[in-house]
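Remember, predicted model here, so these are calculated numbers, not experimental data.
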Amino acid sequence: MQLTDEQRAFRADLRGYLQENVEPVVDDLDRNGPMDRDTLMGFVTDLREFGIGFDPDIAPNFFGDVWKFMLTAEEISYVWPSLNVGLMMSFPSVFVRFAAPQTREAMVPKLETGECLASLAVTEPSGGSDTARPRTTARKDGDEFVINGEKIWVGNAHYADVVLVVAHDESTDAQDMFLVDRENASFETEELDKLGWKGVSNAKITFDSVRVPEGNRLSNIFSNAIMEGYDMHEIVPFPESVTQLFFEQKPLNATFSFMRTGMSFMAVGIMQAAMDEAVAYATDRETFEKPIAQHQLVQDKLYQMKAGLETSRGLARRAAELLESGDPDARLMSSLAKGYTAETSKQVTDDAIQVFGAEGLKPENRLERYYRDARVMTIPDGTTEIQKLIVGSELTGMSAYH
């Protein structure tokens with residue numbers, strides 16, 4: 001993969017911003033996390049200046065450029081994965097333009113100024129990785145749906161303006177997604193503590209007879225927008241080749257293909273940060289009257305780290321290439337990349353700690369944060385075990401889920 005001049009310039013500008021504005025405060029923010037809404041919004045507002053965001057003016061060029069999206073995930077995660085998660089979780093906000101009138105009225109003004117934060121509610125306390133059969137239900141009642149159930153590990157849930165909820169639509173006996181906006185519906189959230197990604201809010205949501213208009217069912221959002229004359233890539237601002245996946249797969253599966261590819265670039269960002277720290281320390285730290293970089297076993301660690309980093313980067317880029325072209329193997333490769341890079345990031349950050357020795361256990365040296373953040377990577381957007389089953393199913397046409 002060769003970056004264009006424009007992509008290199010974008011990466012350089014983004015790196016400059018992150019080094020100047022996030023690097024100096026990341027340790028305190030992560031240690032005292034999760035971020036509150038105002039802190040996250042401050043970063044979201046700044047990043048809009050780089051063409052990163054979900055409002056109608058920016059989203060087509062952000063989502064519409066697969067490489068810009070993936071470079072953003074890698075570069076932000078190099079400095080602070082929590083910020084990347086908080087930012088990227090807001091993608092469901094793009095759908096408010098095509099939702100029911102009351103949701104449009106409440107949310108489009110926020111969306112247009114870049115202030116509409118969102119979240120995706122998939123995982124359930126009793127379901128875990130079983131996203132195909134949600135226990136959360138949506139019952140049709142007149143021109144509304146009534147949602148009941150619980151979701152857990154929902155990023156941004158505490159302060160999200162809109163939540164895209166995966167639920168079982170009882171009227172069709174099928175899975176669908178429903179957009180819930182906080183101006184017109186209320187739900188309870190409970191903050192969750194966790195091992196890594198300390199800077200981003202994750203919460204449990206309880207939906208107790210929450211009513212949403214039928215126009216907020218995702219399948220209706222798509223069909224109504226198309227009837228109004230919008231093309232699919234205007235509704236979901238991916239490249240046209242990517243939006244084709246929404247016709248060929250379940251919308252949730254197509255969404256996951258994009259998210260999992262982004263996750264693989266996140267893992268690469270974390271690994272690169274750990275690699276850079278380990279090399280710098282190995283060439284500076286001395287034992288037995290020489291830099292530890294001159295010890296053979298330390299060089300072996302660096303070799304293993306570099307091999308894991310570069311194979312992960314190559315796999316992530318291959319997944320992005322297939323996604324960009326709308327290739328039928330995009331789902332397979334996104335799961336392969338997500339599973340492999342997440343697991344490899346655990347090993348690379350573990351090796352980096354070993355290079356540091358006892359110093360790597362100190363929070364101020366960041367290695368323990370890299371390790372904790374890498375450890376989380378193997379679970380959200382589908383565990384590594386789920387990725388293996390998806391790849392196996394895609395390869396053989398046979399499901400091992402049941």
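Residue K110 qualifies as enclosed at atom NZ: its count of foreign heavy atoms under 6.0 Å is above 12. Around CD of Q304, the count of heavy atoms belonging to other residues, nucleotides or ligands within 6.0 Å exceeds 12. No more than 12 heavy-atom neighbours from other residues, nucleotides or ligands sit within 6.0 angstrom of CD on E105. More than 12 heavy atoms of other residues, nucleotides or ligands lie within 6.0 Å of CD in E394, so this atom counts as buried by the packing criterion.
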For F91 and L120, run side-chain contact (heavy atoms from CB on, under 4.5 Å): C-alpha distance rounded to whole Å, both residues' side-chain angles, the deciding distance at 0.1 Å, then the answer.
-> CA-CA 8 Å; F91 81 86; L120 177 64; 4.1 Å; yes
Given side-chain contact (heavy atoms from CB on, under 4.5 Å), test T344 with L309 step by step and report yes or no.
-> CA-CA 8 Å; T344 304; L309 168 63; over 6 Å; no
Check step by step if salt bridge (Lys or Arg N to Asp or Glu O under 4.0 Å) holds for E23 and R366.
-> CA-CA 12 Å; E23 171 74 20; R366 294 187 174 175; 2.6 Å; yes
For side-chain contact (heavy atoms from CB on, under 4.5 Å), just list the numbers for M70 and T261, CA-CA rounded to whole Å, side-chain angles, deciding distance to a tenth of an Å, and then say yes or no.
-> CA-CA 8 Å; M70 300 308 166; T261 304; 3.6 Å; yes
Could you please spell out the steps behind the side-chain hydrogen bond (donor to acceptor under 3.5 Å, both in side chains) verdict for E115 and T113?
-> CA-CA 6 Å; E115 297 175 296; T113 58; 2.7 Å; yes
Derivation and outcome, side-chain contact (heavy atoms from CB on, under 4.5 Å), residues L71 and L3 = CA-CA 10 Å; L71 285 171; L3 297 180; 4.0 Å; yes
Before giving the answer on side-chain hydrogen bond (donor to acceptor under 3.5 Å, both in side chains), spell out for Q354 and D350 the whole-Å C-alpha distance, their side-chain angles and the decisive distance to 0.1 Å.
-> CA-CA 6 Å; Q354 202 69 17; D350 184 82; over 6 Å; no
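Between the side chains of D176 and H168, no donor N or O sits under 3.5 Å from an acceptor N or O. E228 and N224 form no side-chain donor-acceptor contact under 3.5 Å, judged by distance and modelled atom types alone. Between the side chains of D276 and Y78, at least one donor N or O lies within less than 3.5 Å of an accepting N or O. Side-chain atoms of D208 and T206 include no donor-acceptor pair closer than 3.5 Å. Side-chain contact, Q272 with R313: a donor N or O sits under 3.5 Å from an acceptor N or O. Side chains of Y340 and T311: a donor on one and an acceptor on the other come within 3.5 Å. Residues H158 and E191 bring a donor and an acceptor atom of their side chains to less than 3.5 Å of each other. In summary, the side chains of N148 and T137 do not present any donor paired with an acceptor at a separation below 3.5 Å, with no hydrogens or angles considered. A side-chain donor from one of D46 and Y17 sits under 3.5 Å from a side-chain acceptor of the other. For the 3.5 Å distance criterion, the side chains of D300 and Q296 fail to qualify, holding no donor opposite an acceptor. Donor-acceptor pairing under 3.5 Å is recorded for the side chains of W80 and D30. At a cut-off of 3.5 Å, with distance as the only test, no side-chain donor of E6 or T4 sits close to an acceptor on the other residue. No hydrogens or angles considered: a donor-acceptor pair under 3.5 Å links the side chains of Q387 and S335. Residues T136 and E150 have side chains that never bring a donor and an acceptor to within less than 3.5 angstrom of each other.
Taken from OG in S77 to CH2 in W197, the straight-line distance is 8.5 Å, to the nearest 0.5 Å. Taking CG of D169 as the reference point, atom NZ of K140 lies at 9.0 Å (rounded to 0.5 Å). The OG1 atom of T283 sits 10.5 Å away from the CD atom of Q294 when rounded to the nearest 0.5 Å. In this structure, the separation between OG1 on T123 and CH2 on W153 is 10.0 Å, given to the nearest 0.5 Å. Taken to the nearest 0.5 Å, the CE atom of M266 stands 10.0 Å off from the OG1 atom of T341. The NZ atom of K306 sits 10.5 Å away from atom CG of L302, with the distance rounded to the nearest 0.5 Å.
Salt-bridge formation is not detected for the pair K338/D381: no Lys NZ or Arg NE/NH1/NH2 atom is positioned less than 4.0 Å from an Asp or Glu carboxylate oxygen. E214 and R217 are not joined by a salt bridge, as no carboxylate oxygen comes within less than 4.0 angstrom of a charged side-chain nitrogen. With salt bridges taken as basic N to acidic carboxylate O contacts below 4.0 Å, one links R37 and D161. Under 4.0 Å is where a charged nitrogen must lie from a carboxylate oxygen, and between K346 and E343 at least one such pair does. A salt bridge does not link E368 to K362: none of the charged side-chain nitrogens sits closer than 4.0 Å to a carboxylate oxygen. The pair K198-D193 meets the salt-bridge criterion, since a charged nitrogen lies less than 4.0 angstrom from a carboxylate oxygen. Salt bridge status for R139 with E170: absent, with no side-chain N to carboxylate O gap under 4.0 Å.
Within the 4.5 Å cutoff, the side chain of S257 has heavy atoms near those of the L323 side chain. Within the 4.5 Å cutoff, no side-chain heavy atoms of V210 are placed close to those of S186. Y281 is not listed as a side-chain neighbour of N365, based on a closest heavy-atom distance of 4.5 Å or more. Residues V79 and Q19 have side chains in contact (heavy-atom distance under 4.5 Å, counting atoms from C-beta outward).
A cation-pi geometry, defined here as NZ or CZ lying under 6.0 Å from the six-membered ring centre and within 45° of its normal, holds between K68 and F10. Annotation: cation-pi pair R260/F256 present, NZ/CZ under 6.0 Å from the ring centroid and within 45° of its normal.
Applying the side chain to side chain donor-acceptor pair (under 3.5 Å) criterion to S93, with sequence neighbours excluded, gives no partner residue.
Separation of the F222 and F98 ring centroids does not fall under the 6.0 Å cut-off. Residues F238 and F63 bring their aromatic ring centres within 6.0 Å.
Just one residue in the list E124, E190, E188 forms a salt bridge (charged side-chain N to carboxylate O under 4.0 Å, His left out) with K151, and that residue is E124.
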